[in-house]
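The block underneath contains the structure these notes are about, expressed in structure tokens.
This one's a predicted model, so the numbers in the text were calculated from it and none came from an experiment. We number each residue from 1, following the sequence as shown.
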Amino acid sequence: MKRAITIIMLIALTLPSFAQFETSKSRSRYNRDDTERYYGLRLGMNIASTSSESTTFDTNPRAGLVIGGVFGMQLTRHSPLWLELGLMYSEKGGKTHHNDEKVTYRLGYLQLPVVAKYTFNIDDDLYLSPFLGGYFSIGISGKVKNYATRESESVFDDMKRFDGGLRAGCGLEYRMMYVELGYDLGLANITKDDFDSAKTRCLFINLGINF
């Protein structure tokens, strides 16, 4: 968590310097002659947990890192409606106490968010962009740690690598600078248990720049 917060603070301090050199194309002043495109970099933090009726997989939130890039394209020349695709490294999981033992689940995903955005012009160079869509994830790393026994093992011994669900939120853009707050609602059962199920839950905040 300290690592994620430190990185976010550093990028927040450097973002204003980018805005001094270039003003990004308006996301709402759409071009009637041709569609527009943009690229973006994102860095942020997840507050993630898992939801389950089983005490083993029902966890409290823990912080994780998000980093990656996005590509956006205007869907129609006659309205500020955008399709945004991303490729992210996203840390999820959770922490709990099982049989009075502290246990943490650390899940590292390669995540592909796909959302539709509609942009509103609030003021000069200031734009509000609510978004709605979904995401698909493949687990590429993960550990479950038992702090009582001081043992750790691959989390994918008990959990599936695939996850997917719904994504919703809202972004705010000023010149090249961008910030968004959103929520991932997992719909896939990520456990291998035949009787129990668990689904991911994740609140995220990302900072970034758009080109």
Side-chain angles (χ1 to χ4, degrees), residues 1 3-4 7-8 11 37-54 56-73 82-96 103-117 131-146 151-169 171 178 180-210:
M1 183 174 181
R3 177 184 61 178
I7 294 174
I8 292 172
I11 195 121
R37 296 174 176 83
Y38 66 89
Y39 300 88
L41 300 176
R42 300 288 184 265
L43 179 66
M45 181 173 64
N46 285 337
I47 304 297
S49 63
T50 55
S51 177
S52 174
E53 293 182 357
S54 168
T56 301
F57 299 115
D58 190 57
T59 64
N60 296 316
R62 64 175 297 272
L65 180 69
V66 184
I67 187 169
V70 299
F71 167 74
M73 62 180 296
W82 304 80
L83 176 67
E84 184 178 281
L85 310 174
L87 182 61
M88 309 279 187
Y89 171 71
S90 180
E91 293 180 345
K92 298 185 179 181
K95 57 185 179 181
T96 186
V103 178
T104 61
Y105 295 90
R106 301 176 184 270
L107 300 165
Y109 288 105
L110 187 64
Q111 184 161 298
L112 291 83
V114 181
V115 299
K117 288 187 170 184
F131 57 84
L132 179 65
Y135 71 91
F136 302 93
S137 299
I138 297 294
I140 57 175
S141 65
K143 290 286 186 181
V144 54
K145 293 184 178 181
N146 187 315
E151 296 177 348
S152 67
E153 59 184 16
S154 173
V155 74
F156 298 114
D157 292 342
D158 298 314
M159 293 185 176
K160 302 173 185 176
R161 291 184 180 270
F162 173 79
D163 184 30
L166 301 177
R167 165 171 284 214
Y178 181 81
E180 65 182 3
L181 178 69
Y183 191 78
D184 286 343
L185 179 68
L187 300 179
N189 177 19
I190 62 171
T191 74
K192 295 180 179 179
D193 196 294
D194 292 333
F195 301 98
D196 295 320
S197 66
K199 299 176 181 179
T200 58
R201 302 287 184 260
C202 180
L203 177 70
F204 62 86
I205 181 169
N206 293 330
L207 302 177
I209 53 176
N210 288 336

[atom2] on [Y] to [atom1] on [X], rounded to 0.5 Å:
X      : Y      : atom1 : atom2 : value
Tyr39  : Met73  : OH    : CE    : 10.0 Å
Arg42  : Ile205 : CZ    : CD1   : 12.5 Å
Phe204 : Ile47  : CZ    : CD1   : 12.5 Å
Leu41  : Leu207 : CG    : CG    : 12.0 Å
Ile140 : Tyr89  : CD1   : OH    : 6.0 Å
Glu53  : Phe195 : CD    : CZ    : 14.0 Å

Non-hydrogen atoms of [X] and [Y] that approach each other most closely:
X      : Y      : result
Lys199 : Leu187 : CE-O, 3.5 Å
Tyr135 : Leu166 : CE2-O, 3.8 Å
Ala188 : Phe162 : CB-CE2, 4.1 Å
Lys117 : Glu84  : NZ-OE1, 3.0 Å
Gly139 : Phe156 : CA-CZ, 3.6 Å
Val155 : Tyr105 : CG2-CD2, 3.7 Å

Just so I know, are the side chains of [X] and [Y] near enough to count as touching, which here means a heavy-atom distance under 4.5 Å?
X      : Y      : answer
Val66  : Asn206 : yes
Leu110 : Leu87  : yes
Met88  : Val70  : yes
Asp58  : Thr96  : no

Verify side chain to side chain contact (heavy atoms under 4.5 Å, CB included) between Leu185 and Arg201, making sure each step is shown before the conclusion.
-> CA-CA 5 Å; Leu185 179 68; Arg201 302 287 184 260; 3.4 Å; yes

Which pairs with one or both residues in residues 155-167 pass salt bridge (Lys or Arg N to Asp or Glu O under 4.0 Å), sequence neighbours excluded?
-> Arg167-Asp184

Ignoring hydrogens and geometry, is there a side-chain-to-backbone donor-acceptor pair from Ser52 to Ser197 under 3.5 Å?
-> yes

Is the side chain of Thr59 donor-acceptor paired with the backbone N or O of Thr50 at a distance under 3.5 Å, no angle test?
-> yes

In terms of the angle between their ring planes, are Trp82 and Tyr38 parallel, tilted or perpendicular, with boundaries placed at 30° and 60°?
-> perpendicular

Using only heavy-atom distances, determine whether the side chains of Asn46 and Ser90 contain a donor-acceptor pair under 3.5 Å.
-> yes

Passes side chain to side chain contact (heavy atoms under 4.5 Å, CB included), Asn189 versus Asp196? Steps please.
-> CA-CA 9 Å; Asn189 177 19; Asp196 295 320; over 6 Å; no

Answer yes or no: are there more than 12 heavy-atom neighbours, outside Phe136 itself, under 6.0 Å from its atom CZ?
-> no

